[in-house]
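These notes are about the structure you will find just below.
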2 protein chains.
Amino acid sequence: MRDERNTDGTELALAGQPPLERSDAARNRQRILDAAAQLLAEKGPEAVTMNVVAQLAGIGVGTVYRRFGDLTQLLLALLDHRERQFQQAFLSGPMPLGPGAPPRDRLRAFLHALVDHVAEHQTVMLAAEAASPLARYTTGPYLAWHLHVSMLVRRIWPDADAGVMANLLLSLCPPSLIRHLTARQGITPEQIRMSIDQLLDAPPR
Amino acid sequence: MRDERNTDGTELALAGQPPLERSDAARNRQRILDAAAQLLAEKGPEAVTMNVVAQLAGIGVGTVYRRFGDLTQLLLALLDHRERQFQQAFLSGPMPLGPGAPPRDRLRAFLHALVDHVAEHQTVMLAAEAASPLARYTTGPYLAWHLHVSMLVRRIWPDADAGVMANLLLSLCPPSLIRHLTARQGITPEQIRMSIDQLLDAPPR
DNA sequence: TTGCTAACCGGATAGCTATCCGCGTACTCG
DNA sequence: CGAGTACGCGGATAGCTATCCGGTTAGCAA
């Protein structure tokens with residue numbers, strides 16, 4: 001993955017704000033993530049409990065809580081890598097998702113991509129949502145989505161409340177709904193995207 | 001308190017099918033609901049736990065689970081009365097919420113009313129959502145909302161997938177979002193209603 | 001190398017949800 | 001009115017999340 005130690009502390013002079021993680025702490029963080037990922041892959045999201053993760057990682061449960069706060073954050077940490085990819089796609093990727101396209105097209109492309117993104121990671125996201133529903137709105141990824149959509153909304157509906165509107169648009173694909181539609185009703189992400197388009201193109205006067 | 005038996009059949013509309021509840025069971029159901037309502041009113045939704053409810057009601061915890069299945073359903077049962085009022089309002093109340101108005105106006109009125117309804121009961125609904133996020137989509141109230149909105153959608157967008165579209169519209173006001181906006185951001189239900197309108201009136205080409 | 005200290009470790013613990021099963025009782029039928 | 005039985009009762013239990021705190025160790029400095 002990466003260096004075991006941040007031996008070169010001297011060079012971190014200007015990045016020195018975070019007080020620097022001790023090497024055993026960094027090692028254990030990685031063990032925890034590995035154990036959680038393994039459990040998730042082999043036995044599904046139900047099996048990812050703090051106790052089991054700690055045991056599999058060979059450390060105490062208290063350590064897991066100190067590193068990740070709670071189960072929700074541990075689960076979300078597993079998605080971190082994919083989340084960064086997604087962010088890069090809509091911040092600086094190719095059109096129409098990335099910059100350059102008209103705001104309306106970018107919004108549509110973003111919502112399409114978000115549906116797929118959520119559908120792909122529904123198990124983890126749903127487990128996180130179950131552990132604490134309000135957490136969603138304060139996670140890094142959500143805030144990034146919100147910022148992006150707000151910007152687009154300001155350009156599409158100049159006199160709307162962009163903050164609220166962005167939240168409404170994002171709530172069109174919560175993990176629980178995606179899961180309900182795809183797993184319990186046999187709906188495909190494609191069908192969901194079509195309905196979203198129809199909703200945004202809206203009013204048959 | 002009230003009648004020991006459901007001889008009067010108040011709730012049992014046309015159903016003799018359910019094999020009739022034993023009197024001690026009915027008495028305990030009421031005690032549980034009373035205890036839960038009291039806890040909710042006096043100490044907030046956090047305090048409503050199965051153990052505490054059982055103790056306050058003076059019965060065993062096993063009984064609470066047999067009567068209500070799980071915490072989510074117990075909490076939702078507390079809303080049952082209000083839920084029926086709300087249903088009556090959009091099924092047979094005055095225009096524009098009730099029948100008679102153009103579908104588009106009814107949909108708008110329904111979403112406005114739903115925002116208020118959710119905002120009013122956000123604490124209970126949020127606790128229910130936290131206990132199990134997927135339950136939302138299979139509760140009686142949600143199914144009733146969905147049926148109603150589907151009907152309106154079929155008339156507004158005749159060639160849309162009404163089922164999916166209705167779910168999307170309903171997910172515009174999940175308890176968690178309403179709570180997040182009102183409690184943590186200082187947004188009023190009125191502002192949320194305005195943004196919903198703007199979204200539905202949609203596209204500034 | 002040695003000593004110091006802040007940070008980390010992890011088992012014990014409290015309180016929760018949900019299930020199980022032997023005991024007790026309300027209702028039915030003769 | 002009296003006996004049988006199906007249903008309800010509720011304490012004991014397992015497994016979970018999250019917290020706490022005394023013992024331990026990594027990293028730094030001399």
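As a basis for the values below, the full set of heavy atoms in this structure was taken, side chains included, without hydrogen atoms, waters or symmetry mates. Per chain, numbering begins at 1; letters A, B, ... match sequence-line order.
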Can you figure out which of C:dC16, D:dA18, D:dG10 approaches the side chain of B:T49 most closely? C:dC16
For B:R29, which contact category applies under a 4.0 Å heavy-atom criterion: base, sugar-phosphate, or nothing? nothing
A:D161 with A:R154: basic N within carboxylate O range, under 4.0 Å: no
Between A:R67 and C:dC8, is there a side-chain N or O to OP1/OP2 distance below 4.0 Å? yes
Does OP1 or OP2 of D:dT19 have a side-chain N or O of A:Y65 closer than 4.0 Å? no
Out of D:dC16, D:dC9, C:dC9, whichever nucleotide has its closest atom nearest the side chain of A:V52: D:dC16
Atom-to-atom span, CG of B:L74 to P of C:dA18 - whole angstrom: 11 Å
Using atom CZ of B:R66 as one end and atom C1' of D:dC7 as the other, report the distance to the nearest whole Å. 9 Å
D:dG10, C:dT17, C:dG11: which one has an atom nearest the side-chain heavy atoms of A:V61? C:dG11
Calculate the interatomic distance between B:L39 atom CG and C:dG15 atom P; express it in whole Å. 16 Å
Between NZ of B:K43 and P of C:dG15 the distance, given in whole Å, is 13 Å
Between C:dC16 atom C1' and A:M50 atom CE, what is the distance in whole Å? 16 Å
Using whole Å, report how far CD of A:Q55 lies from P of C:dC9. 18 Å
Using only heavy-atom distances, determine whether the side chains of B:Q38 and B:D34 contain a donor-acceptor pair under 3.5 Å. no
What is the distance, to the nearest angstrom, from the CG atom on A:L75 to the C1' atom on D:dC16? 14 Å
Considering only side-chain heavy atoms of B:T63, which listed nucleotide, D:dG10, C:dC9, D:dG8, is closest? D:dG10
The side chain of B:D70 lies closest to which of these nucleotides: C:dA18, C:dC9, D:dA18? C:dA18
Would you mind telling me which of C:dT17, D:dA18, D:dG8 lies closest to the side-chain atoms of B:N51? C:dT17
I'd like to know if the side chain of A:S171 reaches the main chain of B:S171, judged simply by a donor and an acceptor atom lying under 3.5 Å from each other, with no hydrogens or angles considered. yes
Taking CZ from B:F68 and P from D:dG8, how many angstroms apart are they, rounded to a whole number? 13 Å
Side-chain contact check for B:L71: nearest option of C:dA18, C:dC16, D:dG10 is C:dA18
Tell me, yes or no, whether the heavy-atom count around B:Q85 atom CD, taken from other residues, nucleotides or ligands under 6.0 Å, exceeds 12. yes
I want to verify a distance call: between C:dA26, C:dT17, C:dC8, whose nearest atom is closest to the B:S23 side chain? C:dA26
Please compare B:N28 and A:A131 by the position of their nearest nucleotide in DNA chain D and report the one closer to 5'. B:N28
Quick test of your reading of the model: are A:D80 and A:R84 salt-bridged, counting only N-O distances below 4.0 Å? yes
Examine distances only and state if a side-chain atom of B:H146 and a backbone atom of B:G163 form a donor-acceptor pair shorter than 3.5 Å. yes
Can you tell which of D:dA18, C:dC8, D:dC9 lies closest to the side chain of B:D24? D:dC9
